[in-house]
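Note that the numbering runs from 1 along the sequence shown for the chain. These numbers come from a predicted model, not from an experiment.
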Amino acid sequence: MTTSTRSPRLRLAVFLLAALPAVAAVYWAFSGQLGANPVETLVHHSGLWALRLLLLTLAMTPLQRQLGRAWPVHIRRQLGLWSVFYALIHFSLFLVFDLELRLALLGEEILERPYITVGFSALCLLLPLALTSTRGWQRRLGRRWKALHRLVYPAAALACLHLLWKTKVDEPEAMAYAVILGLLLLLRLPALRRRRRTEMPPGA
């Protein structure tokens, strides 16, 4: 079976798996399993899945290099879009239920609470990446597309910092995500060195 015939099934499987956290949250809401603070549970749940899927997105390129197969790259964009989806849900729940859509209060929170500052910054970096993730935008932007989409790395770092500061670094899971991001960035170093060597003009 060729990669082209597998891809639709693979993408469907990724879609169903990535949708499970949202389905679970809806089920918990209707069955009264969100605990004493339902909004906090949903905000935390959506934020965690945004970060998990973002890290999984970053893992696809190193995985493709290790396996020598194309399928990780085929689902990378899909995973990234799901990450942004959960990030938007995370932010929307906070804006609607915690701040009651008061944009002035949102500005104060961004300025006064560092963990909200970095979380909002991560979302602002991810949104243009989601909007320009199509092949059409890739063609239009040319080389600038890759430069733009490297913003995913600072976005992931800010997202990890957001979780660490939110949990006051006392949650092992938050530290684990930061370690995973560090490892993923280390895996990128050899590729970056090779790219610089190929881009360096002769005799430089």
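- Shortest non-hydrogen contact noted between Ser121 and Leu158 is CB-CD1, 3.8 Å.
- Hydrophobic clustering (ILVMFWY, side-chain heavy atoms < 4.5 Å, transitive): Val26 and Phe97 are in distinct clusters.
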(Q) Between Leu48 and Glu173, is the side chain to side chain contact (heavy atoms under 4.5 Å, CB included) condition met? List the steps. (A) CA-CA 10 Å; Leu48 277 182; Glu173 187 179 6; 4.2 Å; yes
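- Counting all heavy atoms, side chain and backbone alike, His90 lies closest to Ser46 at CA-OG, 3.2 Å.
- You'll find the side chain of Gln33 reaches within 4.5 Å of the side chain of Tyr27, heavy atoms only.
- Each of Leu53, Thr57, Ile89, Leu126 was compared with Val84 under the side chain to side chain contact (heavy atoms under 4.5 Å, CB included) criterion, and only Leu126 meets it.
- A heavy-atom distance below 4.5 Å is found between the side chains of Leu16 and Leu12.
- For Glu108, there are no side-chain hydrogen bond (donor to acceptor under 3.5 Å, both in side chains) partners at least two apart in sequence or on another chain.
- Note that the CG atom of Asn37 and the CG atom of Leu42 stand 9.5 Å from one another [nearest 0.5 Å].
- Here the shortest heavy-atom pairing between Ala122 and Ala155 reads CB-O, 3.5 Å.
- Leu20 belongs to a hydrophobic cluster with Leu17, counting contacts under 4.5 Å between side-chain heavy atoms of Ile, Leu, Val, Met, Phe, Trp and Tyr, direct or through other members.
- Every residue was checked against the side-chain hydrogen bond (donor to acceptor under 3.5 Å, both in side chains) condition with Gln78, not counting sequence neighbours, and none meets it.
- Rounding to the nearest 0.5 Å places CZ of Phe15 at 12.5 Å from CG of Leu79.
- Between Leu101 and Leu95, some side-chain heavy-atom pair lies under the 4.5 Å cut-off.
- Minimum interatomic distance between Ala36 and Pro38 (heavy atoms only, all atoms of both residues): O-CD, 3.5 Å.
- A distance of 11.0 Å separates CD of Gln138 from CG of Leu148, quoted to the nearest 0.5 Å.
- For the pair Met60 and Val73, the minimum side-chain heavy-atom distance is 4.5 Å or more.
- In summary, of the residues considered (Val43, Thr41, Leu88, Asp98), a side chain to side chain contact (heavy atoms under 4.5 Å, CB included) with Leu93 occurs for Val43 alone.
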Q: Test Arg52 against Tyr177 for side chain to side chain contact (heavy atoms under 4.5 Å, CB included), laying out the working first.
A: CA-CA 8 Å; Arg52 288 167 180 167; Tyr177 294 136; 2.6 Å; yes
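- For the pair Trp82/Trp49, no side-chain contact is recorded, criterion being any heavy-atom separation below 4.5 Å from C-beta on.
- A distance of 11.5 Å separates CD of Glu40 from CG of Leu34, quoted to the nearest 0.5 Å.
- Placement of Leu103 and Leu123 within a single hydrophobic cluster is found when ILVMFWY residues are connected by side-chain heavy-atom separations under 4.5 Å, directly or transitively.
- The closest side-chain donor-acceptor pair between Tyr153 and Arg188 falls under 3.5 angstrom.
- Between Thr132 and Arg140 there is no side-chain heavy-atom pair separated by less than 4.5 Å.
- Here the straight-line distance linking atom CG of Leu187 with atom CD of Gln66 works out to 7.0 Å at 0.5 Å rounding.
- Taken together through direct or relayed side-chain contacts under 4.5 Å among Ile, Leu, Val, Met, Phe, Trp and Tyr, Leu141 and Leu81 form parts of separate hydrophobic clusters.
- A donor-acceptor pair under 3.5 Å is formed between the side chain of Arg77 and the backbone N or O of Ser133.
- Side-chain contact between Leu51 and Tyr86 is absent, with no heavy-atom pair separated by less than 4.5 Å.
- With values rounded to the nearest 0.5 angstrom, Leu181 atom CG is found 8.0 Å from Leu54 atom CG.
- When every heavy atom of Ala87 is checked against every heavy atom of Ala50, the shortest pair comes out as N-CB, 3.5 Å.
- Val152 and Leu131 fall into different hydrophobic clusters, defined by Ile, Leu, Val, Met, Phe, Trp and Tyr side-chain heavy atoms under 4.5 Å apart, directly or through other members.
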Q: Given side chain to side chain contact (heavy atoms under 4.5 Å, CB included), test Arg113 with Val118 step by step and report yes or no.
A: CA-CA 9 Å; Arg113 298 195 184 190; Val118 295; over 6 Å; no
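- Taking the side chain as every heavy atom from C-beta outward, Thr117 and Trp165 never approach each other to under 4.5 Å.
- Between His45 and Trp28, the two ring planes are perpendicular [angle over 60°; tilted spans 30° to 60°].
- Scanning both residues, Ala18 and Pro21, for their nearest heavy atoms gives O-CD, 3.2 Å.
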